[in-house]
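Everything below concerns the one structure shown next.
We're numbering straight along the sequence, starting at 1. Small disclaimer: the values here were computed from a predicted structure and weren't measured.
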Amino acid sequence: MTDISKEAMMPPRSFLSQDAIQVFYRLLAALLICAVLAVLSDSFLSLGNILNVLRQASLTFFIASGLTLVVLTAGLDLSVGANVALSACIAGTVIHKTGSPALGILTGLACGGIVGLLNGIMVTALRIPSFIATYGMLWVLNGLTYWYMAGETLHGFPAGFRQIGSGYLFGLPIPVYLLLVFLGIGTLFAQRTIWGQEIYAIGANPVAARLSGIPVARRLLLVYAVSGTMAGLASIIFLSRLNSAEADIGESLTLPAIAAVLIGGTSLFGGVGTVFGTFIGALILTLVLNGMNLLSVSANWQPLVTGIIVILAVWLDMKTRRRAQ
């Protein structure tokens, strides 16, 4: 099938759609949370706290943005947190050994992308369900990372490299600028390119997508590779932010990333959702956790609250989409 016929078959998705309504609702929810927290805490609207919220939301978004593409195909990548850990440790070693932050950054991105590509091969060539394939990869990566680090911690990186995660430009944290760049790239890719439309089509109906001439296997390889590469990017941000790397650096990152995707309105059944929605989901999750910290709520309650938010977000999303059908 030619590109012209594909374009005719799949008109570009736009924000004048059900997806736009879902994003609008989530923006309202984020604004409502901000209003409540502003009343409950005098510290919430301080410049330092707002910048901290944006920085934390950006770190979650880097992982969740690539994961969004996977979920749009009705898949799942449970290995992103472990991928961050291994990529950060290997990148940190390269920086220490060579003294070159640029080489370390390229190594971290390459490591993340290779892991994502391996996930894609297991899903496409070996036909292993994505949940099982990436869950197995999670344990493989954890084992490799703990073996590689052997209980050691890498720390003390060049000041220029540390600016990536902890520096400021014109008063804004550098990760926020990176967030805006990749938010724009991700949105344009998913909404305005043939490849993006094919990803939506695969998630909506993989059999129909294959019969229409879409190279399903290649597109799945692409989304898993992108998810892995974004995990590699997140590893660089975390490494430069923390100024250290150890084997357990990624253990707490996977579930918040999945939560951001689901809160943002991307359906686990595929074919529905937006990268911009995932950004709003990351922002909502960060606002809630930030508010709990400001209100001195025990950190032990944070996983419970996160789980409740995810369940409510998915439930409300399913109800509103049923009404729209």
Note to self: Do I309 and V36 land in one hydrophobic cluster if side-chain heavy atoms of ILVMFWY residues count as linked below 4.5 Å?
What the structure shows: yes
Item checked: For the student: nearest non-hydrogen atoms of A88 and S235, plus distance -> N-CB, 3.5 Å
Next item on the list: Answer with yes or no whether the hydrophobic clustering places Y200 together with L188; edges join I, L, V, M, F, W, Y residues whose side-chain heavy atoms lie under 4.5 Å apart.
Entry: no
Check: Passes side chain to side chain contact (heavy atoms under 4.5 Å, CB included), R192 versus T187? Steps please.
Finding: CA-CA 8 Å; R192 298 297 178 185; T187 299; over 6 Å; no
Note to self: Working note: N243 + H155, criterion side chain to side chain contact (heavy atoms under 4.5 Å, CB included); need CA distance, chi angles, decisive distance, verdict.
What the structure shows: CA-CA 6 Å; N243 195 29; H155 58 84; 5.5 Å; no
Checklist line | Residues which pass side chain to side chain contact (heavy atoms under 4.5 Å, CB included) with L31, listed by chain and number, not counting sequence neighbours | finding: none
Distance-only donor-acceptor pairs under 3.5 Å for side chains of residues 131-138, two or more places apart:
residue, atom, partner, partner atom, Å
T134, OG1, L76, O, 3.3
T134, OG1, L78, N, 3.0
T134, OG1, S130, O, 2.7
Y135, OH, W139, NE1, 3.2

Margin query: If the condition is side chain to side chain contact (heavy atoms under 4.5 Å, CB included), which residues does T145 pass it with, not counting sequence neighbours?
Written below: A85, L86, C89, M149, A247
Cut-off 3.5 Å, no hydrogens considered: what does the side-chain donor-acceptor table look like for residues 56-66, sequence neighbours left out?
residue, atom, partner, partner atom, Å
S58, OG, L54, O, 3.4
S58, OG, R55, O, 2.5
T60, OG1, Q56, O, 3.4
S65, OG, F61, O, 3.1
S65, OG, F62, O, 3.1

Notebook entry, point to check: Where is the tightest heavy-atom contact between V84 and A234, given as atom of each residue plus distance?
Noted result: CG2-CB, 4.2 Å
Check: Do you know which two heavy atoms are closest between I121 and L221, and how far apart they sit?
Finding: N-CD2, 3.5 Å
Check: Q163: what forms a side-chain hydrogen bond (donor to acceptor under 3.5 Å, both in side chains) with it, not counting sequence neighbours?
Finding: none
Distance-only donor-acceptor hits, side chain of residues 251-264, under 3.5 Å, sequence neighbours excluded:
residue, atom, partner, partner atom, Å
E251, OE2, Y146, OH, 2.5
T254, OG1, G81, N, 3.0

Next item on the list: Locate the shortest heavy-atom distance separating L287 from A30; write the atom from each residue and the value.
Entry: CD1-O, 3.8 Å
Checklist line | By side chain to side chain contact (heavy atoms under 4.5 Å, CB included) - contacts of Y177 (at least two apart) | finding: L169, F170, L172
Notebook entry, point to check: Do I174 and Y168 share a hydrophobic cluster (ILVMFWY, side-chain heavy atoms under 4.5 Å, transitive)?
Noted result: yes
Note to self: Using the rule given for side chain to side chain contact (heavy atoms under 4.5 Å, CB included), can you reason through I128 versus V123, listing the C-alpha separation, both sets of side-chain angles and the distance that settles it, and then say yes or no?
What the structure shows: CA-CA 5 Å; I128 302 175; V123 172; 5.9 Å; no
Got a list of side-chain donor-acceptor pairs under 3.5 Å for residues 98-111, not counting sequence neighbours?
residue, atom, partner, partner atom, Å
T98, OG1, V94, O, 2.6
T98, OG1, S100, N, 3.1
S100, OG, L103, N, 3.2
T107, OG1, L103, O, 2.7

Item checked: Partners meeting side chain to side chain contact (heavy atoms under 4.5 Å, CB included) with W301 (sequence neighbours left out) -> M292, V297, S298, L304
Side-chain atoms of residues 39-48: list all donor-acceptor pairs with protein atoms under 3.5 Å, sequence neighbours left out, distances to 0.1 Å.
residue, atom, partner, partner atom, Å
S41, OG, S43, N, 3.2
S46, OG, S43, O, 2.8
S46, OG, N49, N, 3.4

Next item on the list: Sequence neighbours left out, what passes side-chain hydrogen bond (donor to acceptor under 3.5 Å, both in side chains) with N119? Give chain and number order.
Entry: S79
Next item on the list: Determine whether F269 and L72 fall in the same hydrophobic cluster, where Ile, Leu, Val, Met, Phe, Trp and Tyr are linked whenever their side-chain heavy atoms lie under 4.5 Å apart.
Entry: no
Notebook entry, point to check: Quick one: ring pair (Phe, Tyr, Trp, His ring centres under 6.0 Å) partners of H96, sequence neighbours excluded?
Noted result: F157
Notebook entry, point to check: Counting N and O atoms only, with roles assigned by atom type, does the side chain of S227 sit under 3.5 Å from a partner on the main chain of V223, one being a donor and the other an acceptor?
Noted result: no
Notebook entry, point to check: Between L67 and V71, does a side chain to side chain contact (heavy atoms under 4.5 Å, CB included) hold up when you go through it step by step?
Noted result: CA-CA 6 Å; L67 182 59; V71 177; 4.3 Å; yes
